[in-house]
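Working notes, beginning with the structure itself.
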Amino acid sequence: MAVLVSFVANPVWADRLQVTRAQGERLWHTAMPNGARWCVEWEHSVEHFTVRDCYLNAAGSMQLERSHQPDFAAGLGHTLSRGKQVSDGEGGYWIEEIDEPVPGNQYALRVGAMAVNHRLVWQQDGARHVYSLSRRAAGERVWIQLVKTDEKH
């Protein structure tokens, strides 16, 4: 009788969201466990309304989950076959069900001035938290990353 043995490798769970400067210096970090959500929000430079891209930690994978756009202003819009556009009930729209993994769990962002105010927004322990990237790194290129916790920090 043959015995089949199956080994399942333990996944490496990414559980911290961090922002680093292009040179690697960490500007900010917070716990972002499996199932946690956060958004990157900013003010549209022409129309001056808030745009947001919202992400999910899906079992250690950073995924773009949905996007909110209050108008069809310059640089905005829905791409067919990329999520589902639904009204927000206030003249704008959500693009739901995007569910795209972010390659390498990170992406670069050129941070806008305070008038644009790029910021990270998330809920934790029932409270809304905001971290302004523009206040710390306006004009700089930063990396937004979902990473495994370093036990030393």
Side-chain angles (χ1 to χ4, degrees), residues 9-79 82-86 88 90 92-153:
N10 289 330
V12 177
W13 296 101
D15 57 3
R16 178 169 38 110
L17 186 65
Q18 73 177 17
V19 177
T20 60
R21 287 193 158 97
Q23 303 81 7
E25 174 194 354
R26 186 167 64 191
L27 292 174
W28 172 89
H29 68 101
T30 193
M32 202 59 67
N34 182 38
R37 291 175 163 83
W38 69 94
C39 296
V40 176
E41 296 183 351
W42 67 95
E43 305 310 309
H44 190 276
S45 61
V46 176
E47 299 296 330
H48 307 290
F49 50 58
T50 302
V51 179
R52 63 184 53 89
D53 288 334
C54 298
Y55 297 85
L56 165 70
N57 178 346
S61 174
M62 180 191 291
Q63 291 189 1
L64 176 59
E65 188 174 40
R66 62 192 200 143
S67 182
H68 183 256
Q69 303 175 6
D71 195 335
F72 289 99
L76 301 178
H78 175 235
T79 303
R82 187 175 186 240
K84 180 175 74 174
Q85 181 178 319
V86 296
D88 69 0
E90 298 177 7
Y93 59 96
W94 281 98
I95 302 170
E96 299 280 358
E97 301 173 16
I98 299 172
D99 303 329
E100 286 181 2
V102 175
N105 279 353
Q106 64 182 350
Y107 66 93
L109 173 70
R110 176 70 61 188
V111 179
M114 280 305 298
V116 173
N117 193 18
H118 279 107
R119 58 204 178 270
L120 294 166
V121 180
W122 71 101
Q123 294 281 328
Q124 187 175 11
D125 300 325
R128 182 176 190 264
H129 297 272
V130 179
Y131 177 80
S132 174
L133 296 164
S134 293
R135 192 169 312 281
R136 286 288 306 273
E140 293 183 47
R141 180 179 184 195
V142 301
W143 288 92
I144 298 174
Q145 306 166 303
L146 184 62
V147 297
K148 173 131 179 67
T149 299
D150 181 351
E151 307 304 332
K152 295 181 258 177
H153 292 94

Checklist line | Closest non-hydrogen atom pair, A22 against W143 | finding: CA-CD1, 4.1 Å
Margin query: Can you give me the closest heavy-atom contact between Y55 and V40, atom names plus distance?
Written below: CE1-CG2, 4.1 Å
Next item on the list: Kindly determine whether L120 and L133 satisfy side chain to side chain contact (heavy atoms under 4.5 Å, CB included), including the steps that lead there.
Entry: CA-CA 7 Å; L120 294 166; L133 296 164; 4.3 Å; yes
Check: Where do N57 and W38 come nearest, in terms of heavy atoms and distance?
Finding: N-CZ3, 3.7 Å
Next item on the list: Let me see the working for H29 and V19 under side chain to side chain contact (heavy atoms under 4.5 Å, CB included), right down to the final yes or no.
Entry: CA-CA 6 Å; H29 68 101; V19 177; over 6 Å; no
Item checked: Step-by-step side chain to side chain contact (heavy atoms under 4.5 Å, CB included) determination, R37 to E65 -> CA-CA 9 Å; R37 291 175 163 83; E65 188 174 40; 2.9 Å; yes
Next item on the list: Return yes if some donor-acceptor pair links the side-chain N/O of D15 with the main-chain N/O of T149 below 3.5 Å, else return no.
Entry: yes
Check: Do Q123 and H129 have side-chain heavy atoms sitting under 4.5 Å apart?
Finding: no
Check: Can you tell me how far the SG atom of C54 sits from the CD atom of Q63, to the nearest 0.5 Å?
Finding: 13.5 Å
Notebook entry, point to check: Less than 4.5 Å apart, any side-chain heavy atom of I98 and any of E96?
Noted result: no
Check: Do the side-chain N and O atoms of E43 and T50 include a donor-acceptor pair separated by under 3.5 angstrom?
Finding: yes
Check: Does the distance from a Lys or Arg side-chain N to an Asp or Glu carboxylate O, for E41 and R128, drop under 4.0 Å?
Finding: yes
Item checked: Heavy-atom closest contact (V116 atom, G112 atom, distance) -> CB-CA, 4.2 Å
Note to self: Contact between D88 and H68 at the side-chain level, heavy atoms closer than 4.5 Å - yes or no?
What the structure shows: yes
Check: Looking at side-chain heavy atoms only, is the closest gap between N105 and S61 below 4.5 Å?
Finding: yes
Notebook entry, point to check: Quick one: are Y131 and T30 in side-chain contact, heavy atoms under 4.5 Å?
Noted result: no
Next item on the list: Identify the heavy atoms of R119 and S132 that sit nearest to each other, and give their distance.
Entry: CB-CA, 3.9 Å
Checklist line | Donor-acceptor pair, side chain of S67 and main chain of R52, under 3.5 angstrom | finding: yes
Margin query: Contact between L64 and Y107 at the side-chain level, heavy atoms closer than 4.5 Å - yes or no?
Written below: no
Notebook entry, point to check: Which of these passes side chain to side chain donor-acceptor pair (under 3.5 Å) with E140: R21, Q23, R110?
Noted result: R21
Next item on the list: Measure the CG-CG distance between L146 and L56 for me, rounded to the nearest 0.5 Å.
Entry: 9.5 Å
Check: Is the closest side-chain donor-acceptor distance between Q18 and T20 under 3.5 Å?
Finding: no
Checklist line | For A36 against M32, the heavy-atom pair lying closest together | finding: CB-SD, 3.5 Å
Next item on the list: Supply the atom-to-atom distance M62 CE to Q106 CD, rounded to the nearest 0.5 angstrom.
Entry: 8.0 Å
Next item on the list: Report yes or no: do Y93 and Q69 form a side-chain donor-acceptor pair below 3.5 Å?
Entry: yes
Next item on the list: Measure the shortest side-chain to side-chain distance between L109 and H118 over non-hydrogen atoms and say whether it is less than 4.5 angstrom.
Entry: yes
Next item on the list: Walk me through it: do R66 and E97 pass the test salt bridge (Lys or Arg N to Asp or Glu O under 4.0 Å)?
Entry: CA-CA 6 Å; R66 62 192 200 143; E97 301 173 16; over 6 Å; no
